[in-house]
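Each remark here refers to the structure printed beneath this line.
Each chain gets a letter, A, B and so on, in the order its sequence line appears, and its residues count up from 1.
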Number of protein chains: 2
Amino acid sequence: MKKSPAQEAWRLLWDFMLENRRRFLHAVAELGLSPPQAFALRHMDPDRPVTMSELADVLFCDASNVTGLVDRLEARGIVERRADERDRRVKTVVFTPEGLELRERIVALMNEPPPAITGLSRKDQQALLEIFERATATAA
Amino acid sequence: MKKSPAQEAWRLLWDFMLENRRRFLHAVAELGLSPPQAFALRHMDPDRPVTMSELADVLFCDASNVTGLVDRLEARGIVERRADERDRRVKTVVFTPEGLELRERIVALMNEPPPAITGLSRKDQQALLEIFERATATAA
DNA sequence: TATTGTTATACTCTATAACTATA
DNA sequence: TATAGTTATAGAGTATAACAATA
């Protein structure tokens, strides 16, 4: 049974993502962070406070887990909790100055394309970019 | 500062992978498996015994963790440990009949391309496939 | 009453170090 | 001595359920 282009492309993408997962785990560990912590810090916008529940949504986990995650980041002086002024049930999380530095490193690290991408021809990179623009538009 | 095609493509790929991570976590949870368990079962070949250390390598974790992971899969009747005949230090892991059924479901589920891929034109899918063939070759 | 975040609990993942049995 | 796997331990992620404060 012949595989469709979609299935074949998907298989190659899986391999690519698995390899990338290895790179990610390694890089994140070097920064002394767990994967969820790295995801959270990457998502946090220095210019916009993020709520606990928003982090839970991003991390795709139960809200109860975010309490401990932010506790640990707060204990390390990376972030701080702030009370929301309009709704006092809500707590927001913001960076400390040290946290901002760490975030810069995380973002720089995650924004660096892997060898599989940088090794492609400029033309392939451009085509890849355009295809994924269409893919994102389709899925949304 | 203008972003390069590689950086731009990488950013889109990252979003794609995050969305895929959500799909994966959801699907795996529905099968009653943890992500590492799913990775392990997907990697295991029904026709070829896999060693504990090979699983540790695939999961990108310390070998000591594989003991507990396989313990739990074994307790659920999904896999069985076998002693290697040539080197009695080595243990291999094989599927039980029930495990084989579960593996079929996992593989079928993971092989299913996401909407972002199936929604692309046949031409885009073909181009994507070819680009990732070159990307994989380059990285290796 | 409903929502946000926390606490309590139990289970899994993870790394490190020490151990065993084999080689 | 070296290697494969295990055990012991500690810390972190995860879900569920119950709870407090606020809306």
Side-chain angles (χ1 to χ4, degrees), chain A residues 18 21-44 49-76 78-94, chain B residues 18 21-44 49-76 78-94:
Chain A
L18 284 181
R21 176 176 172 268
R22 298 175 77 94
R23 280 169 40 90
F24 172 73
L25 291 177
H26 188 266
V28 152
E30 289 218 324
L31 291 176
L33 295 169
S34 69
Q37 287 174 337
F39 281 127
L41 295 178
R42 180 180 193 252
H43 176 262
M44 280 177 61
V50 61
T51 66
M52 300 292 279
S53 54
E54 184 180 342
L55 284 180
D57 187 59
V58 168
L59 298 175
F60 201 61
C61 73
D62 190 85
S64 62
N65 301 313
V66 181
T67 299
L69 186 138
V70 171
D71 281 349
R72 288 182 279 275
L73 291 176
E74 204 167 20
R76 287 172 59 182
I78 295 169
V79 302
E80 277 177 9
R81 279 178 173 86
R82 294 280 167 77
D84 187 288
E85 290 155 4
R86 287 174 294 185
D87 184 339
R88 280 162 50 197
R89 289 174 305 180
V90 174
K91 286 176 190 165
T92 59
V93 190
V94 295
Chain B
L18 283 182
R21 175 176 172 269
R22 298 175 76 94
R23 281 168 38 90
F24 172 72
L25 292 177
H26 187 265
V28 152
E30 288 218 325
L31 291 176
L33 295 168
S34 69
Q37 287 174 339
F39 280 127
L41 295 178
R42 181 181 192 251
H43 176 262
M44 280 176 61
V50 61
T51 67
M52 300 293 280
S53 53
E54 184 181 341
L55 285 180
D57 187 60
V58 168
L59 299 176
F60 201 61
C61 73
D62 191 84
S64 62
N65 302 313
V66 180
T67 299
L69 186 138
V70 171
D71 280 350
R72 288 182 280 276
L73 290 176
E74 203 166 20
R76 287 171 59 181
I78 295 169
V79 302
E80 277 177 8
R81 279 180 174 86
R82 293 280 168 78
D84 187 288
E85 290 155 4
R86 287 174 294 184
D87 186 338
R88 279 161 52 196
R89 291 174 305 181
V90 175
K91 286 177 190 166
T92 58
V93 191
V94 296

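Nearest nucleotide to the B:Ala63 side chain, out of D:dT6, D:dT14, C:dT6: D:dT6. Between C:dC13, C:dT6, C:dA15, one nucleotide has an atom nearer to the side chain of A:Lys91 than all others, and that is C:dT6. Looking at the side chain of B:Val90, the nearest of the listed nucleotides C:dT6, D:dG5, D:dT16 is D:dG5.
Checking the phosphate oxygens (OP1, OP2) of C:dG5, a side-chain nitrogen or oxygen of A:Ser53 falls inside 4.0 Å. Contact check, B:Asn65 against C:dT12: no side-chain N or O comes under 4.0 Å of OP1 or OP2. The side chain of B:Arg81 contributes no N or O atom lying less than 4.0 Å from OP1 or OP2 of D:dA4. Taking 4.0 angstrom as the limit, B:Ser34 places a side-chain polar atom (N or O) nearer than this to OP1 or OP2 of C:dC13.
Look at CD on A:Glu30: it is 17 Å from C1' on C:dT14, rounded to the nearest Å. Rounded to a whole Å, the CG atom of B:Leu59 is 10 Å from the P atom of C:dA15. Rounded to an integer number of Å, the gap from CG of B:Asp71 to P of C:dC11 is 15 Å. Taking atom CD of A:Gln37 as the reference point, atom P of D:dG11 lies 14 Å away to the nearest angstrom. A straight line from CG of A:Leu25 to C1' of D:dG13 spans 13 Å, rounded to a whole angstrom. Across the protein-nucleic acid pair, B:Arg72 atom CZ and D:dT7 atom C1' stand 14 Å apart, rounded to whole Å. To the nearest angstrom, P of C:dG5 lies 10 Å from CD of A:Glu54. Atom CG of A:Leu69 is separated from atom P of D:dA15 by 12 Å (rounded to the nearest Å).
The two residues A:Val79 and A:Met44 come nearest to each other via the heavy atoms CG1-CE, 3.9 Å. Among all heavy-atom pairs drawn from A:Leu55 and A:His43, the shortest one is CD2-ND1, 4.3 Å.
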Please output the side-chain donor-acceptor pairs of residues 23-32 of chain B that fall under 3.5 Å, not counting sequence neighbours, one pair per line with the distance.
none

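Across all strands, A:Ser64 comes closer than 4.0 Å to base atoms (heavy-atom distances).
The NZ atom of B:Lys91 sits 14.0 Å away from the CZ atom of B:Arg82 when rounded to the nearest 0.5 Å. Put simply, OG1 on A:Thr67 and CE on A:Met52 are 4.5 Å apart, with the number rounded to the nearest 0.5 Å. Separation of atoms CD1 (A:Ile78) and CG (A:Leu41) is listed at 6.0 Å; rounding is to 0.5 Å. A distance of 9.5 Å separates CG of A:Leu73 from CZ of A:Arg81, quoted to the nearest 0.5 Å.
Toward the 5' end of DNA chain D, the nearer of the two residues A:Pro36 and B:Asp62, judged by each one's closest nucleotide, is B:Asp62.
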Polar pairs (N or O, both sides) under 3.5 Å between protein and nucleotides 21-23 of chain C?
unit_1	atom_1	unit_2	atom_2	d
C:dA23	OP1	B:Arg88	N	3.1

